[in-house]
Amino acid sequence: MELDEAFGSVGQFGRSQKRLTAFLVLLQVYVACQSMLIVLVGAVPEYHIDQGEIPASTEELARHVRFADNFTSIATEWFLIKHEAYKVNLASSLYFAGLLIGNIVFGPLSDKLGRKPVYMSGLFFDVIFGYVTAFAPSYKIFAMSRFIVGIMNGGMSLVSFVLTQEYVGKSYWALTGSLTNLTFAVGIAVYAFLGYYIREWRFLAFVSNSPGVFFFLLSFMLPESPRWLYSQGNTAEAEDVLQYLACGNGKERLTIKLKPCAGTMKKNDSASGVLNLLKHPVLRWRTIILMYIWYVCSLVYYGLTFNAGELGGNLYLNVALYGLIEVPAFPLCMFFIEKSWSGRRKTTTSFLIFAGFACIFTMFLPENSGFFFSPTLLALCGKLTVSAAFNIVYIYTSELYPTVVRNAGLGVCSMTCRFGGVLAPFVPSMKTLNPSVPFMVFGISGVSAGFLTLLLPETLNKPIAESIEDLQGPVYQMLKNKKAE
């Protein structure tokens, strides 16, 4: 039988898959704490310098500065203020640079070596260097550890997301993908809660990292992805995993006999990875469009955040709101992407275009126009919709790539996403040309990405390709011809 038929017999989303999915989804709380660590650990409390001139050296600055004692951070311990303040942003940039590298490296590695070993290795070193961060004796060690944590965290979370998809039947990919992103948003609020009660930065970093030990030890019980095993020609091992899932779902031991996967009979097909995304015309154009969409999602998301401005008031409440504002996006996604009249493609298009127009309309609203007509509210609505688009793009991308190159495709797209995040803070500086230029950049980017999405095929209720050869099969050719008509 085919793999999707086997999932139908075993159970698309039975008790076994629910337990595995719940575990990997909860892992996103740990990922969120690591991602947002610098927001509180690098925060600068109020301070006073008891002399007129700013001291030139760090040693002299340490003798004359007085910090408020409501919390500690790397800024208070290593006096990262004034001419040293850039080091806080540098540590944050190093983390995102690590994410970029992790997305590039871990995707192809897990496509070649397997999901579980690459995921376990990434999580192990993520935890180890997370503790290095908490006990770093100097800023240099702290910055280095954040860079390595970025590599491991970005790569490990990418592979864990793919695992949540490949443990369940295709009809539940949207649900598991949305739950993963929803839990990440909730994880940001959890981190704010921890920060509110733990005001010493080293202890906060230690506590935020410690759940990683729990997740690592329990991860030994995770099975390998049956879809990856099947795509590699390890049919017997894939059958064993499916039998394990069936038993956990309360079904009698099934006799599952899978057909060999097309394309895995060739032993020299070890180049499945990033190169295959370029070699095959269908995958090449699909990847180019998806890279631009991921880049724009990141650019517009952070651009709208910066446009909303820094919220006044309590630091910890602001961090929590930063995550919770994204929560309503996920029910919206789940409602629209499963409807036959909207699906993945049209819903992504609509959300991106709405976010783009939110940017454009923001520049026409006066600052003092009341809360319900303020640029801030419109920008936050745009952030809500681009968060929804981002959530769908994760799911949509997983469904557009065959199993043998799925992680490689997600890795390349995630890489361009990081570029969008890096560039977003620099776009507001274009106000020197004209105050409207930054908003036009974000708006045109969102609208253009929305229309480009229409060039991609719809994946709702369509079969998932296991190998590249599947894209040339009659079912996919029929879909291609129907799209051309």
Side-chain angles (χ1 to χ4, degrees), residues 27 29-45 47 55-65 67-106 120-158 187-188 191-192 194-195 198-216 315 319 418 421-422 425:
L27 177 67
V29 175
Y30 169 73
V31 173
C33 288
Q34 288 296 317
S35 299
M36 298 297 291
L37 187 74
I38 199 67
V39 175
L40 299 182
V41 164
V44 181
Y47 62 88
S57 66
T58 303
E59 292 77 13
E60 189 178 351
L61 182 63
R63 290 196 297 270
H64 294 283
V65 69
F67 290 100
D69 58 359
N70 56 340
F71 66 87
T72 67
S73 68
I74 60 172
T76 64
E77 180 162 339
W78 295 313
F79 303 99
L80 305 182
I81 58 174
K82 300 300 181 182
H83 57 281
E84 295 286 308
Y86 75 93
K87 291 184 177 180
V88 176
N89 293 329
L90 177 61
S92 181
S93 297
L94 286 172
Y95 174 81
F96 281 99
L99 289 181
L100 178 65
I101 295 173
N103 292 152
I104 297 171
V105 173
F106 275 64
M120 292 284 291
S121 301
L123 181 56
F124 174 77
F125 287 107
D126 194 350
V127 172
I128 294 298
F129 284 95
Y131 284 126
V132 172
T133 295
F135 296 107
S138 66
Y139 170 79
K140 289 182 179 179
I141 300 297
F142 176 88
M144 178 273 296
S145 67
R146 291 303 295 162
F147 175 68
I148 298 176
V149 166
I151 295 174
M152 301 303 163
N153 194 270
M156 174 272 295
S157 60
L158 175 72
I188 296 174
Y191 176 62
L194 289 175
I198 304 174
R199 300 299 179 95
E200 206 283 313
W201 80 266
R202 290 186 182 274
F203 189 40
L204 176 60
F206 177 86
V207 171
S208 299
N209 188 63
S210 293
V213 178
F214 167 78
F215 284 110
F216 176 74
L315 170 66
V319 174
R418 305 307 170 193
V422 169

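Every residue meeting the side-chain contact (heavy atoms from CB on, under 4.5 Å) condition with I101, not counting sequence neighbours, appears here in chain and number order: V105, F147, I151. For the side-chain contact (heavy atoms from CB on, under 4.5 Å) test, residues two or more places apart in sequence or in another chain that qualify with T72 are T76, E200, W201. Contacts of S35 classified as side chain to side chain donor-acceptor pair (under 3.5 Å), with partners at least two apart in sequence or in another chain: Y95. Residues that satisfy the ring pair (Phe, Tyr, Trp, His ring centres under 6.0 Å) test with F216, not counting sequence neighbours, are F124, F220. Not a single ring pair (Phe, Tyr, Trp, His ring centres under 6.0 Å) links F203 to another residue, sequence neighbours left out.
Between the side chain of R202 and the backbone N or O of A136, at least one donor-acceptor pair lies under 3.5 Å. A side-chain donor-acceptor contact under 3.5 Å links S73 to the backbone of A43.
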Decide side-chain contact (heavy atoms from CB on, under 4.5 Å) for I38 and F142; before the verdict, give the C-alpha distance in whole Å, the side-chain angles of both, and the deciding distance to 0.1 Å. CA-CA 11 Å; I38 199 67; F142 176 88; 4.0 Å; yes
For side-chain contact (heavy atoms from CB on, under 4.5 Å), just list the numbers for N209 and Y30, CA-CA rounded to whole Å, side-chain angles, deciding distance to a tenth of an Å, and then say yes or no. CA-CA 7 Å; N209 188 63; Y30 169 73; 3.0 Å; yes
side-chain contact (heavy atoms from CB on, under 4.5 Å) between I141 and F135, worked out: CA-CA 9 Å; I141 300 297; F135 296 107; over 6 Å; no
Decide yes or no on side-chain contact (heavy atoms from CB on, under 4.5 Å) for M156 and V31, but give the supporting numbers first. CA-CA 9 Å; M156 174 272 295; V31 173; 4.0 Å; yes
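Contact between A205 and L37 at its shortest, heavy atoms only, is CA-CD1, 4.0 Å.
In this structure the side chain of L194 reaches within 4.5 angstrom of the side chain of S208, judged on heavy atoms. Between Y191 and L40, some side-chain heavy-atom pair lies under the 4.5 Å cut-off.
The distance from the OG atom of S93 to the NZ atom of K87 is 14.5 Å, given to the nearest 0.5 Å. To the nearest 0.5 angstrom, L158 atom CG is 11.5 Å from I104 atom CD1. Separating the CG atom in L123 from the CG atom in L27 is a distance of 6.5 Å, to the nearest 0.5 Å. Atom OG of residue S138 and atom CD1 of residue I74 lie 11.5 Å apart, to the nearest 0.5 angstrom. Atom CG of L99 and atom CD of Q34 lie 10.5 Å apart (nearest 0.5 Å).
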Enumerate donor-acceptor pairs with a distance under 3.5 Å from any side-chain N or O in residues 126-133 to protein atoms, sequence neighbours excluded.
unit_1, atom_1, unit_2, atom_2, d
D126, OD2, N153, ND2, 2.9
Y131, OH, S210, OG, 3.1
T133, OG1, F129, O, 3.1
T133, OG1, S145, OG, 2.7

